[in-house]
Amino acid sequence: MTPPQEENHSAIRVDAPEHGAEVAVDEEGKIDLGGVLHKHATMVDVSVGKLVTTDFTLGPPPDGVSGWASSWKTRLRPPELGENLVCTRAEREPKRHARVLRSITVVDNIPPSNVAGLTVGDITAYSAKVTWAAATDNYGLAGYEIRVDGGAPHRTNSGTRSYTITGLSPETEHTVSVVAVDLAGNKSPTPATATFRTAQKPPEPVGLEFDPGEGGALATWHPDPAYDVTYRAFLDGSLYEEFSLKQYCEDTAGNPADPCTADSVVKYPIEPLEALTSHTFRVDAIGEDGTKVRDFGGEFITSAVEPTVPEAVTQQVTSEGSQCAAQGGDFYVAPSLRGDVPVPAGATQVFEGCYTAADATCIEDNLPLDEDKKLDCDDDVTDMLKEVAPPGKGPAIDSLSGTTGGATTQFVPGAAVQTVAWCAESACALLLAPPTVAVEAAAGAAATSAVATFVVVTIAGIVIGIALGVLWAILFPTPIAIGGLLEYPIHHDDDLTTFDNWHLDEGDWYNSLKAYAQVITTTKEVTDRDNLPFAWDDSEDANLKRIIDTACTAQRGTQGIAACDDDVVVYVPGGTNYRRAPMKETGTHIVEAMGNGSYPQPPGRSKWFYPGRSERGQAAEAAGYDRNWYDNNPRFQPNVCNGRVAKTCDEFPFWGTDQAVDLSGLVASLKPVPNSESLPQAHDLSAFYGKCKVKDTDKFIVLPIKPWVEANGPSFGFRINPGGTDVCMQPKAIP
């Protein structure tokens with residue numbers, strides 16, 4: 001191999017591009033390369049960065065070059081914009097190559113097309129949804145930029161062509177504009193614009209009021225005891241339930257009213273419902289002779305689940321992360337971490353949050369990532385990753401003690417950083433973000449890759465302080481293995497942020513340990529924050545490990561004891577829901593149904609640790625059951641809910657799962673609980689599904705912890721991902 005050189009070689013000549021030239025991609029996002037080949041040489045390949053081609057077009061040599069056999073040319077799409085190294089190789093003698101190296105700067109001066117098909121729909125008094133058709137670009141789109149009434153821009157990624165405008169006032173005029181932004185940062189020449197007017201404020205329902213939440217609504221009305229004996233409730237035109245006058249009747253103090261008078265209030269929970277859905281609700285009051293004496297009704301919309309990470313943050317990170325990789329950036333820092341991540345000395349800012357490092361050779365040589373690969377890496381980027389890793393390189397368990405970033409509702413889990421390899425063909429940047437933001441960005445990759453060349457190559461990515469994916473060998477030089485969770489030397493009193501032996505290169509129990517650490521960490525932090533009467537002891541510590549073992553075994557679908565698998569979401573019920581609404585008896589019911597802190601009885605109930613979501617309870621309905629199956633089906637009579645007064649019949653597993661009723665082969669556990677606890681649990685589950693991205697038919701783990709419920713600890717949910725854990729449903733502080 002001859003030494004690399006920028007000048008032409010006696011075996012091959014590169015006529016275009018010239019060394020140091022600025023080369024613009026054409027309408028197809030490609031550049032032309034060409035030259036002349038010696039008559040005794042054979043073309044081998046041409047590479048731009050990591051992109052290699054052997055597709056050449058050979059032709060006659062130019063006039064006046066008698067010693068040359070032919071001309072050569074090729075076209076290719078550069079893997080990234082900015083500085084690129086072009087390498088052209090030819091073989092003159094067997095196994096003897098000639099190589100010409102050229103450094104060029106690739107630019108894209110062609111803006112994306114104008115956005116077409118901009119429409120405004122779903123207009124309410126307070127919001128509207130904007131949609132548009134896909135724009136095109138010669139090199140690739142980073143996303144779209146939306147402005148409302150000329151205000152600050154909102155960014156979406158290339159796969160998201162809708163935006164919901166909120167916070168508007170009734171009967172007001174607004175203008176929205178949308179432009180496409182390409183990977184070079186160019187924008188559409190002419191913004192697409194549309195105007196709209198918000199709707200009137202909806203009228204208040206007559207005789208009936210609704211208080212909607214994420215998972216249902218509370219309907220209230222005043223009874224007429226002189227005529228009302230029973231009520232028939234209809235939801236969306238179908239009979240929902242028939243109940244007596246006093247079943248849901250309360251006095252002015254909120255206590256069960258007996259007798260139910262005209263001054264009382266009927267408070268009827270409508271649940272479970274899906275978040276952000278509209279419904280009609282009608283009530284027929286039935287007299288003593290069985291005929292209808294009056295009716296009243298109205299409409300309501302359930303609340304949207306507030307995302308753990310604001311949609312605007314996820315869209316900005318995915319869009320700018322793609323743009324950073326395309327422009328040759330080595331790493332991109334999410335907005336909430338800017339100022340917390342130490343940018344290596346000598347790094348150059350490409351644009352805000354996007355940097356090239358003075359030395360990123362080791363990382364660059366090993367991207368795209370292979371999570372099974374061991375890598376001994378040392379450059380400026382890996383030094384930065386080590387610096388932001390937690391002390392002791394223990395797992396970056398999601399914490400409640402974080403700070404608020406640029407978006408006021410964003411939750412930032414301390415200094416924990418998780419990175420994702422964000423790649424376009426062979427050009428990659430490391431996307432650094434808090435664990436929850438990184439997981440949301442990875443989840444949005446599918447939409448992005450559907451319309452562009454960008455994909456998340458490794459969702460596990462590089463995880464700081466947890467397993468570091470391909471960089472395990474850097475932070476965890478001494479792997480260890482364990483035989484099971486109960487034998488592992490970890491205890492509730494350990495400092496789980498500085499525990500050194502979390503690598504578990506050969507261990508099967510890593511995910512179980514992450515679940516254990518997250519439960520311990522969250523319960524301790526909430527206890528300290530809210531001054532709860534709760535503390536772990538050795539007995540409860542052992543119970544927690546046993547419950548996790550049993551739940552993970554159910555998740556794996558195996559016999560005996562098994563460890564949890566990757567990418568599973570966990571719901572921990574509490575004595576209150578995550579918003580601190582009381583549900584003590586409901587939480588206690590879940591605990592008792594699952595063994596009261598020990599093993600479930602009968603043992604077949606262990607499968608209930610791992611139910612699957614079923615939207616609207618459709619799995620049970622498809623099997624022929626309605627939501628009042630315990631009252632309406634003779635097969636389940638008698639049961640503990642018969643004759644209940646001012647009580648709701650609670651069931652576990654939940655109605656909205658694929659193990660409700662007896663679908664799993666065991667009749668669901670029933671227990672009367674206060675009417676006031678119906679909606680808190682419904683809101684809890686709806687928020688859990690929404691915040692933790694539990695889709696229809698997805699399974700999830702339920703971890704009932706008896707002393708946590710007894711202490712009125714709040715529910716919370718977290719996801720175990722390949723890199724660690726993130727608290728996707730964070731418990732609110734006590735008001």
Side-chain angles (χ1 to χ4, degrees), residues 110-137 139-170 172-199 276 304-307 309-324 326-327 332 334-336 351-354 405-410 433 437 440-441 443-452 454:
I110 302 175
S113 68
N114 291 328
V115 172
L118 180 64
T119 59
V120 184
D122 297 339
I123 300 174
T124 71
Y126 309 102
S127 65
K129 184 177 182 180
V130 184
T131 59
W132 57 90
T136 59
D137 187 72
Y139 190 75
L141 288 176
Y144 300 89
E145 191 175 276
I146 305 98
R147 292 178 186 267
V148 181
D149 298 330
H154 304 276
R155 193 83 171 259
T156 74
N157 62 38
S158 58
T160 303
R161 299 195 304 276
S162 65
Y163 178 74
T164 300
I165 307 168
T166 59
L168 305 177
S169 299
T172 53
E173 299 282 346
H174 301 279
T175 300
V176 60
S177 65
V178 180
V179 294
V181 182
D182 69 13
L183 295 170
N186 301 313
K187 298 179 182 179
S188 304
T190 305
T193 61
T195 59
F196 65 96
R197 181 179 177 84
T198 53
L276 201 61
V305 173
E306 179 185 338
V309 179
E311 179 68 14
V313 173
T314 304
Q315 292 291 336
Q316 179 181 355
V317 167
T318 55
S319 180
E320 292 184 348
S322 297
Q323 189 175 336
C324 183
Q327 294 186 26
Y332 168 82
S336 60
F351 58 84
E352 187 175 6
C354 176
T408 57
T409 57
Q410 184 178 0
V437 178
E440 294 291 326
T448 304
S449 61
V451 295
F454 277 81

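As the structure is a prediction and not an experimental result, all values here were calculated from the model.
- When all heavy atoms of Ala326 and Leu183 are compared, the pair lying nearest together is CB-CB, 3.5 Å.
- At least one side-chain heavy atom of Tyr126 sits under 4.5 Å from a side-chain heavy atom of Pro170.
- The closest side-chain heavy-atom distance from Cys324 to Phe351 is below 4.5 Å.
- When all heavy atoms of Ala128 and Ile123 are compared, the pair lying nearest together is CB-CG1, 4.0 Å.
- Side-chain atoms of Tyr332 never come within 3.5 Å of backbone atoms of Gln323 as a donor-acceptor pair (strictly under, hydrogens ignored).
- Between Ala135 and Leu141, the closest heavy-atom pair is O-CD1, 3.3 Å.
- Nearest approach of Asp182 to Pro111, heavy atoms of both residues: OD2-CA, 4.2 Å.
- No side-chain heavy atom of Asp122 sits less than 4.5 Å from a side-chain heavy atom of Ser127.
- A search for side chain to side chain contact (heavy atoms under 4.5 Å, CB included) contacts involving Thr198 returns Leu168, Thr172, His174, Phe196, not counting sequence neighbours.
- Put simply, the side chain of Thr156 never gets that close to the backbone of Gly143: no donor and acceptor are under 3.5 Å apart.
- Without hydrogens or angle criteria, Asp149 side chain to Gly151 main chain gives no donor-acceptor distance under 3.5 Å.
- No side-chain heavy atom of Glu320 sits less than 4.5 Å from a side-chain heavy atom of Cys354.
- Between the side chain of Gln316 and the backbone N or O of His154 there is no donor-acceptor pair closer than 3.5 Å.
- Here Tyr139 contributes atom OH and Asn186 contributes atom CG; the two are 12.5 Å apart, rounded to the nearest 0.5 Å.
- Across Ser158 and Tyr144, no two heavy atoms sit closer than the pair O-CE1, 3.8 Å.
- Using a 4.5 Å heavy-atom threshold, the side chains of Thr164 and Glu311 count as separate.
- In this structure, the side chain of Thr318 engages the main chain of Gln315 through a donor-acceptor pair within 3.5 Å.
- Annotation: the span from Thr131 atom OG1 to Arg161 atom CZ amounts to 9.5 Å, rounded to 0.5 Å.
- Shortest non-hydrogen contact noted between Glu145 and Pro153 is CG-CB, 3.4 Å.
- Side-chain atoms of Pro335 and Val317, non-hydrogen and from C-beta on, do get closer than 4.5 Å to each other.
- Applying the side chain to side chain contact (heavy atoms under 4.5 Å, CB included) test to Thr136 and every residue at least two apart in sequence or in another chain returns Ser113.
- Looking at residues two or more places apart in sequence or on another chain, you find a side chain to side chain contact (heavy atoms under 4.5 Å, CB included) between Ile110 and Glu27, Asp108, Asn138.
- At least one side-chain heavy atom of Val176 sits less than 4.5 Å from a side-chain heavy atom of Val120.
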